[in-house]
Amino acid sequence: MSDQRWTERTAEYPLECEHCHYPIPGEPVASDDGRYCSVACREAANDTTLPDPQAYKRVVTGIEPIDSLVPNGIPADSFLLLSGDEGTRRAELGIELVWRALERGEPAVVVSLANPPTATLERFYQNGWNVLPALENDRLRIIDCYTHRLGDRDGFSAQRTEWPTFLGEAASDAIVEVRDPSDRSEVTHSLAGALDDLEMSETGLVTIDSLDELERVFQDRQVHEFVEEIRATVCKARFVPIVAAASRADEDDIPEAEYVFDGIIDLQLTDQRAPNTRHKQLAIRKLIGAQFLPQWIQYDHEPARGLFASSPNTGPGTQQGYEVGAEPSQPDRP
């Protein structure tokens, strides 16, 4: 190792390795073409150049209540659970996460269990978000785990009105039909195929609209095993985050072991603010690998704008603000 001292380095601004882009904790391993943190990086630099980790390892969702609680972004290798009461706009939050990814120019995959693909797409239009360009530009896939569970699929198609018929035809190339949704391997392979087609590695987002519905389709511990498998093969291997929605879990409900999730976002309705009024609140219960504010934040929703932080004196169409509750979430724990 060279005994040269790099005087321009300070504790606040350490040198970065020219291969992995992480800070060099000791003396650099020098070469003619740069400074490296290790011999491994110096040797690997001859063949490859790693991307800057800041470019893909953190995700700013674009959703105000979440980003205000996680100011430095969500780790991109996270599997997140949206756990919430009915009426908390849980489904709209899942749809908005996809839309914000598309707005950033990233691809997205939606695993649709609770609705047919046209109804899933209609959720975007109900919020004023036109996804036809994303479908045509091959940036959005729908994994259809619903249609083949219908007893009369032909009758369902024949009864659709003009708009869902048009939408289904326009999206036909972007819909991946799962013929046996109860077969965990088929669902997993369909998801992997969609990710490969969209070249989703270190970019994009996957959402699963209902783990409750997945429990009805699967049996025994398959939901748990499915989560573990795609967490490893999608989140950890590809650095593509997954967000799955579920109703608030009781002791005997799925997910049977919440420890398999890297992060949990709780959504709830509360009567505590004012008599005869139910407000929606959101909090981060846990998020491995990121700092977050351990607070409840009140929010509301309106089309086009999506979810936004609000105070008891504000509502749709009024001046934006937010109210942080005194009720803390559980501490961030590994």
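We count residues from 1, following the sequence as given. Values below: all heavy atoms of this structure, side chains included; hydrogens, waters and symmetry mates excluded.
A ring-centre distance under 6.0 Å is not found for Y299 and F308.
Under the 4.5 Å side-chain criterion, counting only non-hydrogen atoms from C-beta, L81 is not in contact with I265. Proximity of L80 to F261: side-chain heavy atoms (C-beta onward) are nowhere separated by under 4.5 Å. Looking only at side-chain heavy atoms (C-beta outward), L282 and L69 come within less than 4.5 Å of each other.
Salt bridge present: D262 and R231 bring a charged side-chain N and a carboxylate O closer than 4.0 Å. In this structure, R160 does not pair ionically with E169, as no charged nitrogen and carboxylate oxygen lie closer than 4.0 Å. Salt bridge R184/E225: present, at least one basic N to carboxylate O contact under 4.0 Å. One finds no salt bridge joining E18 and R35 here, because no Lys/Arg side-chain nitrogen approaches an Asp/Glu carboxylate oxygen to under 4.0 Å. The pair D196-R238 meets the salt-bridge criterion, with a side-chain N (NZ, NE, NH1 or NH2) lying under 4.0 Å from an Asp/Glu carboxylate O.
Counting all heavy atoms, side chain and backbone alike, P51 lies closest to E202 at CG-OE1, 3.6 Å. In terms of heavy atoms, S31 sits closest to R42 at CB-CD, 3.8 Å. In plain terms, the two heavy atoms of P75 and I288 that are nearest each other are CG-O, 3.5 Å. Considering all non-hydrogen atoms of both residues, R149 and L113 come closest at NH1-O, 2.9 Å. Across all their heavy atoms, L198 and A108 have their closest contact at CD1-O, 3.8 Å. When all heavy atoms of A246 and D212 are compared, the pair lying nearest together is CA-OD2, 3.2 Å.
Residue-environment remark: CD (E103) exceeds the threshold of 12 foreign heavy atoms within 6.0 Å.
Of the possible donor and acceptor atoms, none in the side chain of T203 sits under 3.5 Å from a partner among the backbone N and O of M200. H21 places a side-chain N or O within donor-acceptor distance of the main-chain N or O of L50, the cut-off being under 3.5 Å. In this structure a side-chain-to-backbone donor-acceptor pair under 3.5 Å is missing from E92 to H301. Put simply, the side chain of N130 gets close to the backbone of L132: a donor and an acceptor are under 3.5 Å apart. Checked by atom type and distance alone, the side chain of Q281 never pairs as donor or acceptor with a backbone atom of Q268 at under 3.5 Å. A donor-acceptor contact shorter than 3.5 Å is absent between the side chain of R285 and the backbone of I264.
W129 and W99 have parallel rings, their planes meeting at less than 30° on a 0 to 90° scale where 60° marks the start of perpendicular.
When each of I142, V176, L191, V98 is paired with V109, the side chain to side chain contact (heavy atoms under 4.5 Å, CB included) condition holds for L191 and for no other.
For the pair R153 and F156, the NZ or CZ position fails the cation-pi test of under 6.0 Å to the six-membered ring centre and within 45 degrees of the ring normal.
Here the straight-line distance linking atom CD1 of I74 with atom CZ of R58 works out to 9.5 Å at 0.5 Å rounding. The NZ atom of K286 sits 11.5 Å away from atom CG of D266, with the distance rounded to the nearest 0.5 Å. Distance CD1/I66 to CG/L82: 7.0 Å, rounded to 0.5 Å. For the atom pair CD (E186) and CD (E177), the distance works out to 10.5 Å, reported to the nearest 0.5 Å.
Checked by atom type, the side-chain pair D144/T147 shows a donor-acceptor distance below 3.5 Å. Counting only N and O atoms by type, the side chains of D67 and T61 include a donor and acceptor under 3.5 Å apart.
Both L205 and L135 are assigned to one and the same hydrophobic cluster, defined by single-linkage of ILVMFWY side chains at heavy-atom distances under 4.5 Å.
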Original post:
Taking it one step at a time, do D77 and K57 satisfy salt bridge (Lys or Arg N to Asp or Glu O under 4.0 Å)?
Top reply: CA-CA 7 Å; D77 64 345; K57 287 193 175 183; over 6 Å; no
**OP:** Apply salt bridge (Lys or Arg N to Asp or Glu O under 4.0 Å) to D173 and R141, showing your working.
**Re:** CA-CA 9 Å; D173 291 340; R141 284 279 196 283; over 6 Å; no
